[in-house]
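Everything below concerns the one structure shown next.
Bear in mind that the values here come from a model prediction, so they are computed numbers and not experimental data.
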2 protein chains.
Amino acid sequence: MISDELKTLIHLLSKLPGLGPRSGKRVALHLLQNRTTTLPALTESLQIVSAKVKNCTTCGNLDSQNPCALCTDPRRDRSLICVVESVADLWALERTASYKGQYHVLGGVLSALDGVGPEDLGFSALFNRCRAGTVTEIIMALNATVEGQTTSHYLAERLKEIGIQHISSLARGVPVGGELDYLDEGTISAALLSRRDV
Amino acid sequence: MISDELKTLIHLLSKLPGLGPRSGKRVALHLLQNRTTTLPALTESLQIVSAKVKNCTTCGNLDSQNPCALCTDPRRDRSLICVVESVADLWALERTASYKGQYHVLGGVLSALDGVGPEDLGFSALFNRCRAGTVTEIIMALNATVEGQTTSHYLAERLKEIGIQHISSLARGVPVGGELDYLDEGTISAALLSRRDV
């Protein structure tokens, strides 16, 4: 009863993250109900983004200029590179407004299960940036998952080999507003180990 | 830190039903990560749907042909019209595969708060279909909300005036799998009033 064109659109929408078959239908109907406003605006925006927004060839960030605004910003510290898994993680760090160095987006993490090896990620680009000589510290800000930490260890070893002495990672501990009773043992152990003098 | 083009896309995505600022960002990043597959497929599908899928001028259903496939299907009973609020409701009824008449999509319900009056909805198109003479029964399948029921009563009065004798509405009662303890008083009262001999 639903026409093939509409079925295709619903199928594509329902495969987007956070959407399913039911919400795909809702979005498709919403777009058709707003066929003179939202629908053309979204189509045009998708075309513009597809044409203009590219990954920065230096750091992997998404921007309409290459190198990206973060790489070209003269106020940002070029001796510091923060390694993140994805652009979403870069945005999360930027939201804090407490980091003023450069970034490097890997675009994924090592995963034997998914067949992702070192050659699939932007490692060599990172090594080239480090060999240029301006970098003095690398901050590992990969997710605290098994794959993230494996990647972090692997990268740290390789970075030491090419002469980067100072490699750090985000602190582990009790999150702001966290209650001990609801935290896992690993986090509490890490917070105990890294305890600080008051 | 996010480029203007990308901000526009995230804004448009975050206004879609079921999405918000955070899921809008996720969808935008997902589309850019799949810029050679999902992104062009979605853009093309939106363009095709925008160009081809229109509201049927007879019943208001969405289809790539006009009159729509339901209106032109010779196996469907032309003496029966089921009045629904939206195309989503039409799809919900079609999923049951237990109705073989025609439909009429109002595209909304009467609402004094939102300023929706009888002239804003497809009432006159429905009256014209009824005046053609083949219709013997109208089934009111509007949502069981205050606005839906107000619209239902208003339409029933007008339809009687133009000579439709048989006007019915969906039964009220205990839903399949429903437990009395969790049902509201209104539903239980309606189920008691409409009780049936076993």
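The CG atom of B:L16 lies 5.5 Å from the CG atom of A:L31; values are rounded to the nearest 0.5 Å. To the nearest 0.5 angstrom, A:L62 atom CG is 8.0 Å from B:S3 atom OG.
Only the side chain of B:L32 comes within contact range of chain A, with at least one heavy atom under 4.5 Å from a heavy atom of that chain. Interface remark: A:L6 contributes backbone and side-chain atoms alike to the contact with chain B (heavy atom separation under 4.5 Å). If you measure heavy-atom distances from B:A69 to chain A, you find no contacts under 4.5 Å at all.
Residues from residues 34-55 of chain B that place a non-hydrogen atom less than 4.5 Å from a non-hydrogen atom of chain A comprise B:R35, B:T38, B:L39, B:A41, B:L42, B:T43, B:S45, B:L46, B:Q47, B:I48, B:V49, B:S50, B:K52, B:V53, B:K54, B:N55, given in numerical order. Against chain B, the residues from residues 91-104 of chain A that qualify, each with a non-hydrogen atom under 4.5 angstrom away, are A:W91, A:E94, A:R95 in number order.
Considering every non-hydrogen atom in both B:P17 and A:R26, the closest pair reads CB-NH2, 3.5 Å.
With contacts defined as side-chain heavy-atom distances shorter than 4.5 Å, the pair B:S64/A:D4 does not qualify.
If you tally non-hydrogen atom pairs under 4.5 Å between each of A:Q33, A:K25, A:E5 and chain B, the highest count goes to A:E5. When each of A:L13, A:D63, A:T8, A:L29 is scored by its heavy-atom pairs under 4.5 Å with chain B, the top score falls to A:L29.
More than 12 heavy atoms of other residues, nucleotides or ligands sit less than 6.0 Å from atom CD of B:E119.
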